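Report on one structure; see the data block that follows.
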Protein chains: 2
Amino acid sequence: MGHTHSHTPQTIDALLDACRAAGMRRTMALRCFLEVLLEESRPMTLPEIAGHPRFGITCDPATLYRLAARLEEHRLIRQIGFHSRAAHYLLRGGAHQDYLICRDCGSIAVLDVECPVHELEKNIETTSGFSDIEHELEFYGTCRACRN
Amino acid sequence: MGHTHSHTPQTIDALLDACRAAGMRRTMALRCFLEVLLEESRPMTLPEIAGHPRFGITCDPATLYRLAARLEEHRLIRQIGFHSRAAHYLLRGGAHQDYLICRDCGSIAVLDVECPVHELEKNIETTSGFSDIEHELEFYGTCRACRN
DNA sequence: TTAGATGCAAACGATTTGCGCGGAA
DNA sequence: TTCCGCGCAAATCGTTTGCATCTAA
């Protein structure tokens, strides 16, 4: 069963409320954006999000990027940098995840492990002068399929 | 003094030899590329590398990107994905480094800590079916200057 | 009514690709 | 002499920005 530190289950409404509380307007693009991210619950690029069948409207790229910027600013989503050209985003508030990525085919798997850096993170927080620290841990390897 | 697991000190000649052994030609662009990476010994983007004073020639972007691709393929350099638009590269063969990055100004600091994921990494290697695994660990926070 | 969102269009910057030439082996 | 690597040029693709219009509050 693993180490899923369960957090409060997220719902669209709760998310939209949080957005509202952060001063954002309850717009259709916002709702679609969050719905996709919530349904998929994995890191996605903006082109992926816009192309998702659940994304019910057509929406200008500019809108999407501005939306992502606002959501990230208000800490509702988080960017994660795999080695792909496009940035990935995921909802905050879920359990922290680490990833295992195939450097050939780019497939992304979620690791079901206890993240071993919490200690270190606290340590850094007190000694570095940085605040609001969080981390990103990815493993890159060659998956069985790509090894031929 | 920290945890610098010292590796064999690298020299341009050793690096060029390694390239040669990998079947690459000893070209001027290759030498400049490696010299910059060696001198700076930090993750750099390709535009940064090409713009470095030590990069003695002018060289077409295409050449640079193809060079990087070859070097990465032969495992002489390694890509690392900070949250910047451009990919960063660094020489392999140095000690493994983890980073602390300011999410506002983007400054990158090298962490002088024992990396706490080696165990986990071995673990994943035996259970995941992935091979040649390596990891990337970055901490993101707000640095003192950006906190105002 | 009004500040915040959106669409449109155009600009940007990193990265990629096809092609013919020049140089390292 | 032979390929490999290079410069040139053009195309891709993710992302950003200015501006006029629209809309949620």
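Letters go in sequence order (proteins before strands), and every chain restarts at 1. Everything quoted here is computed from the prediction, not taken from an experiment.
Distance CD1 (B:Ile57) to P (D:dC6): 8 Å, rounded to an integer number of Å. Atom CG of B:Leu67 and atom P of D:dG7 are 9 Å apart (whole Å). If you take CE of B:Met24 and C1' of D:dC6, they are 13 Å apart, rounded to a whole angstrom. If you take CD of A:Glu72 and P of D:dT16, they are 10 Å apart, rounded to a whole angstrom. Counting to the nearest Å, the C1' atom of D:dG7 and the CG atom of B:Leu30 are 17 Å from each other. For the pair A:Asp60 CG and C:dA9 C1', the computed distance is 9 Å after rounding to whole Å. Between the P atom of C:dA14 and the NE2 atom of B:His88 lies a distance of 11 Å, rounded to the nearest Å. Atom-to-atom, CZ of B:Arg31 to P of C:dG23 comes out at 18 Å; the value is rounded to the nearest Å.
Residues A:Ile77 and A:Tyr89 share a closest heavy-atom pair of CD1-CD2, 3.7 Å.
Two residues, B:Arg70 and A:Thr45, neighbour DNA chain D, and the one matched to the more 5' nucleotide by heavy-atom proximity is B:Arg70. Map B:Tyr89 and A:Ala29 each onto its nearest nucleotide of DNA chain C; the residue landing nearer the 5' end is A:Ala29.
The side-chain heavy atoms of B:Pro116 and A:Glu119, taken from C-beta on, include no pair separated by under 4.5 Å. Taking 4.5 Å as the limit, every side-chain heavy atom of A:Glu138 sits out of range of all side-chain heavy atoms of B:Glu134.
Of the candidates D:dG5, D:dG7, D:dG14, D:dG5 carries the atom nearest the B:Arg25 side chain, counting heavy atoms from C-beta on. The side chain of B:Arg66 approaches C:dC19 more closely than any other nucleotide in the set D:dA25, C:dT6, C:dC19.
Aromatic rings of B:Tyr140 and B:His83 (six-membered ring for Trp) have centroids within the 6.0 Å cut-off, being under it. Ring centroid separation for the pair B:Tyr99 and B:Phe82 comes in under the 6.0 Å cut-off.
Using a 4.0 Å heavy-atom criterion, one finds that B:Thr58 contacts the sugar-phosphate atoms exclusively. Base contact: B:Arg85 has a heavy atom under 4.0 Å from a base atom. Contact annotation for B:Ala62: base contact, defined as any heavy-atom pair under 4.0 Å involving a base atom.
OP1 or OP2 of D:dC6 has at least one side-chain nitrogen or oxygen of B:Thr27 nearer than 4.0 Å. Residue B:Thr63 has a polar side-chain atom (N or O) positioned under 4.0 Å from OP1 or OP2 of D:dG7. Side-chain N/O atoms of A:Tyr65 include none lying less than 4.0 angstrom from OP1 or OP2 on D:dT16.
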